Participant: 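Attaching a single structure in structure tokens format; questions to follow.
By convention in this document, chain letters (A, B, ...) are assigned in the order of the sequence lines, proteins followed by strands, and residues within each chain are numbered from 1. Given the structure is predicted, the values throughout are model-derived calculations rather than measurements.
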Number of protein chains: 2
Amino acid sequence: MLNVPTALARPDRLSDSLYRALETRIRAGSIQPGEKLPSEKQLAFEFAVSRAVVREAMSRLKAEGYVESRQGAGAFVTPRPGAAIFRLSRSGPRAPGTLSEVFELRLIVEGEAAALAALRRRAGDLADMRSHIDNMERALGLGEDATMADDAFHRAVAQATGNALVGRFIEFLGGHLSESRAPTWSAEGHAQGRAHAAADEHRRLVDAIAAGDAARARAVARAHVLRAAERLGLSLPVTGPTQQNTNDAIEET
Amino acid sequence: MLNVPTALARPDRLSDSLYRALETRIRAGSIQPGEKLPSEKQLAFEFAVSRAVVREAMSRLKAEGYVESRQGAGAFVTPRPGAAIFRLSRSGPRAPGTLSEVFELRLIVEGEAAALAALRRRAGDLADMRSHIDNMERALGLGEDATMADDAFHRAVAQATGNALVGRFIEFLGGHLSESRAPTWSAEGHAQGRAHAAADEHRRLVDAIAAGDAARARAVARAHVLRAAERLGLSLPVTGPTQQNTNDAIEET
DNA sequence: ACTCATAAAGTTGTCCGACAACCTGACCAC
DNA sequence: GTGGTCAGGTTGTCGGACAACTTTATGAGT
């Protein structure tokens, strides 16, 4: 019997349990926005834990935007609890259908970002992208890891959109998919030509952006993401279960 | 002199300061991923605070995915610190250029979500949207607040995409823009016909989705978001500073 | 010299008690 | 009624203590 090195589930910390209990109460509306939570002393008694545990749970609730506390007054549920942060996985790290959903979101944002970049890129942006592609191919020629150069390239594209928020979001999505790039940039992927193929796609993307051709940039970027999804064995129903609409087909070309 | 009820800045809690100090160290790479943080006792001495303060700062760092701790071993920086969550505002709540960036991101995602909904909607989804529009117009007729119905409608659209992640992200973005909808649904907006205009836009959107016309659904949704931005006095450079590309114009129609 | 069990030291998790800083509401004097 | 004062409750911070656990060092046995 072979075991995947799964981090074995440790017994929960008390503060984790309490955090989940309170988070559930708030999400369920059992404690409404603006309402005051029970005092720390009361919660400590209610859950039979020490006040230190309560304070740690509260600290986490505060960090995630569920509650705010005022010294002397108490702790209150925020107007829109939990709306301050966005996580990919609500709780479980790796649900089955989740990964394809992430790729679909990435498909949307990276495609539009490429289109925006084509419309707004400045000369410096193009120079950056090209220099990163050069670095990438140099690394590939030496058989080194080109992951860093790949990262830098995508950052340069995001930078060219002129929208820092879009750039940060793309980076956020990409960070959760680092495993997905392994088959491309690993030694194996390099030997099988996947790395060079990816580098070619990058060149086509920067060409479209340089030409100011938003539609082509979007198509190339989407194809790039789709290819990455395919390498993981994911089938994205991009066109949906129904037949593709003819009006929409124009830009998917 | 009239004062806006601005929540006056209170002096920072000690744990907040310590949190920022550690977060900065980690972001700057001063403590590398995988590395072990100083022990709680050491940090307490170093910053001249009690261990309770240190533990609260650590609790927040853990909640936001910067560090993980193992009892008996110590606390370690995660492989990709801070990559677990996404926030709109890195620190300051309301930077000037930020709002338009949020709207642009919303433009992208809501537009594509509408297109996806047009391709994948099921009969039940359409029924939901229409019933929420009915609720909305009924509320408008009675002069009541239609904000809830508006929320429900947008949720139904997101639901029709078949991608729960996209739905959650749209909701996340929308939650940060609740103020932006006030001028639409307020009594004033109602009197000036903005509320009914928005309702009309909703009808056009559901028509496009029902027809399976992805391009039209996207265009209507984007126009809807643009209108909301205009009401806030934002000018989104959608087509970029340069002239719009002809290839891209096809789908913007 | 090597292996393996054991002990020791260090670290995080939890508990307790105490006081300071602060807010709220009731009470009281005017 | 107005304004000030005070008492009680609540969060923020401190200090010490012990339990649960991990890592490292130690030493016995082979």
Side-chain angles (χ1 to χ4, degrees), chain A residues 5-23 25-26 31-78 81, chain B residues 5-23 25-26 31-78 81:
Chain A
T6 171
L8 50 95
R10 351 188 110 269
D12 277 345
R13 321 244 184 279
L14 288 179
S15 55
D16 285 347
S17 307
L18 180 54
Y19 163 80
R20 268 197 298 279
L22 293 176
E23 192 245 12
R25 280 195 191 181
I26 294 175
I31 312 179
Q32 290 269 317
E35 224 174 309
K36 181 171 168 300
L37 274 75
S39 74
E40 296 180 350
K41 192 183 293 188
Q42 170 113 16
L43 286 174
F45 172 77
E46 186 175 337
F47 288 89
V49 295
S50 77
R51 216 188 122 201
V53 171
V54 175
R55 281 193 66 76
E56 286 216 29
M58 297 289 283
S59 164
R60 201 167 151 191
L61 287 171
K62 280 187 276 184
E64 303 192 348
Y66 284 102
V67 308
E68 279 173 356
S69 60
R70 297 201 322 270
Q71 179 172 343
F76 303 82
V77 178
T78 46
Chain B
T6 170
L8 49 95
R10 350 189 110 267
D12 277 346
R13 323 244 180 282
L14 287 180
S15 56
D16 285 347
S17 308
L18 180 53
Y19 163 81
R20 268 197 298 279
L22 292 176
E23 193 245 11
R25 280 195 190 180
I26 294 175
I31 312 179
Q32 290 268 318
E35 225 174 310
K36 181 171 168 300
L37 274 75
S39 75
E40 295 180 352
K41 192 183 294 187
Q42 169 108 22
L43 286 173
F45 172 78
E46 185 175 337
F47 288 89
V49 295
S50 76
R51 217 188 122 201
V53 171
V54 175
R55 283 192 66 75
E56 286 216 30
M58 298 288 283
S59 164
R60 200 166 152 193
L61 287 172
K62 281 187 276 184
E64 302 192 349
Y66 284 101
V67 307
E68 279 173 355
S69 61
R70 297 201 322 270
Q71 181 172 203
F76 303 82
V77 178
T78 49

Participant: Take atom CD of A/Glu68 and atom P of C/dC23, then tell me their distance rounded to the nearest Å.
Facilitator: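 Rounding to the nearest Å, CD of A/Glu68 and P of C/dC23 are 15 Å apart.
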Participant: Within a strict 4.5 Å, meaning less than it, do heavy atoms of the A/Arg60 and A/Tyr66 side chains meet?
Facilitator: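 A/Arg60 vs A/Tyr66: side chains apart.
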Participant: Separation of A/Leu61 atom CG from D/dT11 atom P, in whole Å?
Facilitator: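 Those two atoms, CG and P, are 13 Å apart.
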Participant: Kindly list each side-chain donor-acceptor pair under 3.5 angstrom involving residues 32-39 of chain B, sequence neighbours excluded, with atom names and distances?
Facilitator:
| residue | atom | partner | partner atom | Å |
| --- | --- | --- | --- | --- |
| B/Gln32 | NE2 | B/Gly29 | O | 3.3 |
| B/Glu35 | OE1 | B/Gln32 | N | 2.9 |
| B/Ser39 | OG | B/Gln42 | N | 3.2 |

Participant: With a 4.5 Å heavy-atom cut-off, do A/Glu46 and A/Leu43 have their side chains touching?
Facilitator: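 The answer is yes; the side chains approach within 4.5 Å.
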Participant: Apply side chain to side chain contact (heavy atoms under 4.5 Å, CB included) to B/Gln71 and list each qualifying residue two or more places apart in sequence or on a separate chain.
Facilitator: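 B/Gln71 satisfies side chain to side chain contact (heavy atoms under 4.5 Å, CB included) with no residue once adjacent residues are dropped.
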Participant: Please tabulate the protein-to-nucleotide N/O contacts below 3.5 Å involving nucleotides 11-14 of chain C, giving atom names and distances.
Facilitator:
| residue | atom | partner | partner atom | Å |
| --- | --- | --- | --- | --- |
| C/dT11 | O2 | B/Gly72 | N | 3.4 |
| C/dT12 | OP2 | B/Glu40 | N | 2.9 |
| C/dT12 | O4' | B/Gly72 | N | 3.4 |
| C/dT12 | O2 | B/Gln71 | OE1 | 3.4 |
| C/dG13 | OP1 | A/Arg13 | NE | 3.1 |
| C/dG13 | OP1 | B/Ser69 | OG | 3.0 |
| C/dG13 | OP2 | B/Arg55 | NH1 | 3.1 |
| C/dG13 | OP2 | B/Arg55 | NH2 | 3.2 |
| C/dG13 | O4' | B/Gln71 | OE1 | 3.2 |
| C/dG13 | N7 | B/Arg51 | NH2 | 2.9 |
| C/dG13 | O6 | B/Arg51 | NH1 | 3.3 |
| C/dT14 | OP1 | A/Leu14 | N | 2.6 |

Participant: For the residue pair A/Leu22 and A/Leu18, establish whether any side-chain heavy-atom pair is separated by less than 4.5 Å.
Facilitator: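 The answer is yes; the side chains approach within 4.5 Å.
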Participant: In this structure, how many angstroms lie between the C1' atom of D/dC14 and the CZ atom of B/Phe45, rounded?
Facilitator: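 Atom-to-atom, B/Phe45 to D/dC14, this comes out as 16 Å.
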